[in-house]
Amino acid sequence: MVELSPQKAYDVLLDYCDEMARSTYILSTTAIKNLLRFIANTPCLYKYVEKCNSSIRFKEEYSKFFGDTGVNIPQNPMAVVSVVTALLFDFDRNNVDIDRFLRKFYKSEDYGKCYQAFCNSVLVAYARAFGGVLDYKEKVVEGEEEKPIDNGLKDQCVPYVNKMMRIVDEDSNLSDEAKEETLTMLDGLIFSFDLSRAKIINAMWIGLNALIKKYRPVQSYLREVKKILEDYALI
């Protein structure tokens, strides 16, 4: 067992989430194992997962997560921690086939794109929800190796991201699959701003830029976001 303060444990947890987000699909099983091993061997995190499990109707929440057309990320952060931890363990134990899961819920022939979309939505929400391991009145302190990003970044970027989301949502020339994938990536970028972690923001940007760099209707807004991220030395 690793005896860490909740703040330090959360900081290291985000590093493992970074590892997952930056991993290729082929190497994702190793990244998932590393994250789960850290949680299982860190008392404050393990106890928090148990607290989350006991605070919700687990079977009901876990069942609801698997929607008909996509995953349903819970609104309750404690439910997110409980459900996603269980999902990752099911991936690791092969109780849930990750290949079938990704193809079913992210609807792409490219497993790499499916995995990145999963990280940009579910994993980002998971990392954010795990912040509850800290005292609710405390702020996450600066990590030893990475300083948090100034809140001004989100304020500057979100208006442009929201404009891109509106354009995508209203574009009748895009398929439902393309809309869902692009909106998921844009939403993931917004979530990454809340985490205030340079590595996660960078990973989300790389995935988003690769997806829509040739989609002309949003290019002017994409350039603005890129400029802001460059100004903050994030890309």
Side-chain angles (χ1 to χ4, degrees), residues 14 17-18 20-22 25 65 67-77 80 84 102 105-110 112-131 139-140 146-235:
L14 292 182
C17 289
D18 287 343
M20 267 192 69
R22 289 183 284 110
Y25 165 70
F65 179 80
D68 294 330
T69 60
V71 297
N72 299 313
I73 301 175
Q75 296 295 315
N76 179 355
V80 174
V84 179
L102 292 174
F105 293 110
Y106 295 96
K107 299 178 178 64
S108 172
E109 296 299 319
D110 187 330
K113 287 185 177 180
C114 291
Y115 176 71
Q116 194 61 59
F118 169 78
C119 289
N120 289 347
S121 55
V122 176
L123 182 63
V124 171
Y126 182 61
R128 185 182 185 190
F130 238 114
K139 218 175 170 184
V140 179
E146 184 178 355
K147 293 183 178 180
I149 308 304
D150 187 276
N151 289 335
L153 171 70
K154 180 180 178 181
D155 294 338
Q156 292 179 54
C157 287
V158 165
Y160 296 114
V161 177
N162 284 338
K163 288 177 181 178
M164 287 189 279
M165 294 179 79
R166 186 161 55 251
I167 289 171
V168 170
D169 189 49
E170 295 175 354
D171 191 342
S172 59
N173 294 317
L174 289 177
S175 66
D176 290 342
E177 178 184 336
K179 283 187 180 183
E180 181 180 357
E181 183 178 10
T182 306
L183 290 172
T184 296
M185 297 284 276
L186 288 164
D187 196 41
L189 184 63
I190 292 177
F191 270 126
S192 73
F193 297 146
D194 289 327
L195 292 176
S196 187
R197 299 277 296 186
K199 291 178 182 177
I200 291 182
I201 293 171
N202 180 267
M204 297 304 105
W205 165 257
I206 290 172
L208 173 65
N209 188 53
L211 178 66
I212 63 174
K213 64 182 179 181
K214 294 183 180 180
Y215 180 53
R216 290 187 176 182
V218 302
Q219 290 309 302
S220 61
Y221 301 122
L222 193 66
R223 284 193 295 271
E224 291 297 329
V225 173
K226 181 180 179 181
K227 183 178 182 300
I228 294 168
L229 294 178
E230 287 175 340
D231 288 343
Y232 278 82
L234 293 171
I235 59 174

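Quick caveat, the model's predicted, so the values are computed rather than measured. Only this structure's heavy atoms are used, side chains among them; waters, hydrogens and symmetry mates stay out.
In this structure, Cys17 and Ala127 approach most closely via the heavy-atom pair SG-CB, 3.9 Å. In terms of heavy atoms, Ala198 sits closest to Leu234 at CB-CD2, 3.6 Å. For Glu177 against Ser108, the heavy-atom pair with the smallest separation is OE2-CA, 3.8 Å. In plain terms, the two heavy atoms of Ala21 and Ala203 that are nearest each other are CB-CB, 4.2 Å. Cys119 and Met20 get closest at one heavy-atom pair: SG-O, 3.9 Å. For the residue pair Phe65 and Pro74, the shortest heavy atom distance occurs at CD1-CD, 4.4 Å.
Looking at Tyr160 and Ile228, their side chains come closer than 4.5 Å, going by heavy atoms from C-beta outward. Inter-residue side-chain proximity for Arg22 and Asp18 is flagged as met; some heavy-atom pair is nearer than 4.5 Å. Between Ile200 and Leu123, every side-chain heavy-atom pair lies at or beyond the 4.5 Å cut-off. Side-chain contact between Met165 and Ile190 is present, with at least one heavy-atom pair separated by less than 4.5 Å.
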Worked check of side-chain contact (heavy atoms from CB on, under 4.5 Å) between Met164 and Ile212
CA-CA 10 Å; Met164 287 189 279; Ile212 63 174; 4.2 Å; yes

When you look at Leu153 and Ile201, which way does the side-chain contact (heavy atoms from CB on, under 4.5 Å) test go after all the steps?
CA-CA 11 Å; Leu153 171 70; Ile201 293 171; 3.7 Å; yes

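The OH atom of Tyr215 lies 7.0 Å from the CD1 atom of Ile167; values are rounded to the nearest 0.5 Å. Taking OH from Tyr126 and CZ from Phe118, the interatomic distance works out to 10.0 Å, rounded to the nearest 0.5 Å. Rounding to the nearest 0.5 Å places CG of Asn120 at 10.5 Å from CD1 of Ile206. Taking CZ of Phe193 as the reference point, atom CD of Gln156 lies at 10.0 Å (rounded to 0.5 Å). Here the straight-line distance linking atom SG of Cys157 with atom CD of Glu224 works out to 10.0 Å at 0.5 Å rounding.
Annotation: salt bridge (charged side-chain N to carboxylate O under 4.0 Å, His left out) contacts of Asp231 (sequence neighbours excluded): Lys227. Remark: Lys163 engages no residue in a salt bridge (charged side-chain N to carboxylate O under 4.0 Å, His left out) (not counting sequence neighbours). Under the rule for a side chain to side chain contact (heavy atoms under 4.5 Å, CB included), the partners of Ala117 that lie at least two apart in sequence or sit in another chain are Tyr106. Listed by chain and residue number, nothing satisfies the side-chain hydrogen bond (donor to acceptor under 3.5 Å, both in side chains) test with Tyr115 (two or more places apart in sequence, or in another chain). Under the salt bridge (charged side-chain N to carboxylate O under 4.0 Å, His left out) criterion, Glu109 pairs with Arg103, not counting sequence neighbours. Under the rule for a side chain to side chain contact (heavy atoms under 4.5 Å, CB included), the partners of Lys213 that lie at least two apart in sequence or sit in another chain are Asn209. With sequence neighbours excluded, the residues satisfying side chain to side chain contact (heavy atoms under 4.5 Å, CB included) with Ile235 are Asn202, Trp205, Lys226, Leu229, Glu230.
Among residues at least two apart or in separate chains, salt bridge (Lys or Arg N to Asp or Glu O under 4.0 Å) pairs with a member in residues 112-128 are Arg128-Asp194.
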Please tabulate, one pair per line, all N/O donor-acceptor pairs under 3.5 Å involving side-chain atoms of residues 179-187, not counting sequence neighbours.
unit_1, atom_1, unit_2, atom_2, d
Lys179, NZ, Asp169, O, 3.0
Lys179, NZ, Asp171, O, 3.3
Thr182, OG1, Ala178, O, 2.8
Thr184, OG1, Glu180, O, 2.7

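More than 12 heavy atoms of other residues, nucleotides or ligands shown are found within 6.0 angstrom of CZ on Phe105.
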